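Numbers for residues simply follow the sequence, beginning at 1. As the structure is a prediction and not an experimental result, all values here were calculated from the model.
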Amino acid sequence: MALGKDYVNQACAMARALELVGERWTLLIVRDAFYGVRRYSDFLAHLHMPRAVLAERLHLLTEGGVLVKQPAENSSREEYVLTPRGEALWPVLAALSAWATQELLEGEASWFYRHAECGTLLPDRLTCTTCKVRIHPREVLMEPGPGADLTRTDPVSVACRSPRRLLQPIR
Ligand SMILES: [Zn+2]
C-alpha cells in the first residue's frame, strides 16, 4: 500500500524529507538525474515505471524544488534538471547505495565511482583519499562494476556502459 502523502503527526526533518523523496520510484528518478537523464522518455525507458506515476513523481520533485523543468537546448522538448537542492541529495544516494552494496549485495557493486581528476576509487562516493577533498558529483566518474547489467539497450543503459561523469546530460 502506498504511504500517505504526509506524516501529519511527525514534526521531524526526516518526515519532511520522506514527504518529498520517500515514495516508491522517487529516489530512482533522482538517481537517474545524477546519471544525466533529463528527458521524460529516457526516464521511462530506463525505469520501466508506469507513465502516470512517472509524471506524478516528476511533478512532485519539481514542486519540491529538487528538479526544474526547462526547455532543452536545440530542441522543442522539455527536460528535467537537478537544482542545487536536488544535487544536495547526492550524499543521501551515495550512503544508501554504499550500504546496499555492502549489506544486501555481498559487495558486488553495480558501479564504481572515481575522482575524475586523479582516478582514485571513491568507496563512499564523496571523498577522494588521494586529493583529500570532498568531491562534487560533477567531478565523479562512474563506470560499470561486476554487478552492472550490460545487456540493456535503452539510451541510458547504453550511455552508462562507458565511463561517464555524473550530471553530464545523456544526450
Ligand atoms: Zn582525487
Side-chain angles (χ1 to χ4, degrees), residues 12-39 42-43 45-49 57-58 60-62 64-68 70 73 79-171:
C12 84
M14 180 71 92
R16 285 294 303 278
L18 291 177
E19 276 183 32
L20 189 51
V21 298
E23 291 190 81
R24 191 158 182 232
W25 296 108
T26 309
L27 280 180
L28 293 178
I29 293 169
V30 174
R31 177 208 62 188
D32 272 20
F34 277 102
Y35 289 177
V37 181
R38 293 183 166 196
R39 293 183 184 180
D42 286 344
F43 283 113
H46 191 230
L47 294 171
H48 289 295
M49 61 187 289
R57 297 292 188 272
L58 288 170
L60 180 71
L61 289 168
T62 306
V66 171
L67 296 174
V68 62
Q70 63 186 36
E73 267 182 59
E79 60 183 21
Y80 295 88
V81 179
L82 286 165
T83 62
R85 175 181 287 179
E87 290 183 359
L89 279 167
W90 176 243
V92 178
L93 295 188
L96 203 54
S97 71
W99 171 78
T101 300
Q102 185 65 36
E103 298 295 328
L104 310 177
L105 300 173
E106 297 173 342
E108 186 167 275
S110 299
W111 307 102
F112 290 133
Y113 298 87
R114 295 181 187 276
H115 186 196
E117 189 157 316
C118 71
T120 300
L121 274 172
L122 309 170
D124 70 354
R125 294 125 166 99
L126 300 172
T127 44
C128 179
T129 51
T130 302
C131 303
K132 310 256 188 282
V133 290
R134 193 171 169 90
I135 311 294
H136 187 276
R138 218 174 289 282
E139 303 304 315
V140 174
L141 203 64
M142 65 182 280
E143 63 189 38
D149 177 358
L150 301 178
T151 64
R152 295 184 54 185
T153 55
D154 64 275
V156 181
S157 299
V158 170
C160 291
R161 282 182 203 162
S162 310
R164 63 192 322 279
R165 278 189 193 234
L166 295 179
L167 297 171
Q168 178 194 331
I170 289 281
R171 52 181 175 180

Please list every donor-acceptor pair under 3.5 Å in which a side-chain atom of residues 115-122 meets a protein atom from a residue at least two apart or in another chain.
unit_1	atom_1	unit_2	atom_2	d
Thr120	OG1	Thr130	OG1	2.7

With Phe34, which residues qualify under ring pair (Phe, Tyr, Trp, His ring centres under 6.0 Å), at least two apart? Trp90

Which residues pass the side chain to side chain donor-acceptor pair (under 3.5 Å) test with [X], sequence neighbours left out?
{"X": "Thr151", "answer": "Asp149"}
{"X": "Arg161", "answer": "none"}
{"X": "Arg24", "answer": "none"}
{"X": "Asp124", "answer": "Thr127"}

Under 3.5 Å, side-chain donor or acceptor atoms of residues 98-108 against the rest of the protein: list the pairs with distances, not counting sequence neighbours.
unit_1	atom_1	unit_2	atom_2	d
Thr101	OG1	Ser97	O	2.8

To the nearest 0.5 Å, how far apart are CZ in Arg57 and OH in Tyr80?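 If I round to the nearest 0.5 Å, the distance is 14.0 Å.
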
With [X] via side-chain contact (heavy atoms from CB on, under 4.5 Å) - residues at least two apart:
{"X": "Arg138", "result": "Glu87, His136, Leu167"}
{"X": "Val81", "result": "Arg38, Val68, Gln70, Glu79"}
{"X": "Pro163", "result": "Leu141, Glu143"}

Below 4.5 Å, heavy atoms only, C-beta onward: do Leu20 and Leu60 meet side chain to side chain? yes

Apply salt bridge (charged side-chain N to carboxylate O under 4.0 Å, His left out) to Arg134 and list each qualifying residue two or more places apart in sequence or on a separate chain.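 With neighbours one apart ignored, the set is empty.
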
Return the set of residues passing salt bridge (charged side-chain N to carboxylate O under 4.0 Å, His left out) with Asp32 (not counting sequence neighbours), or none when no residue passes.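 Residues passing salt bridge (charged side-chain N to carboxylate O under 4.0 Å, His left out) with Asp32: none at all.
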
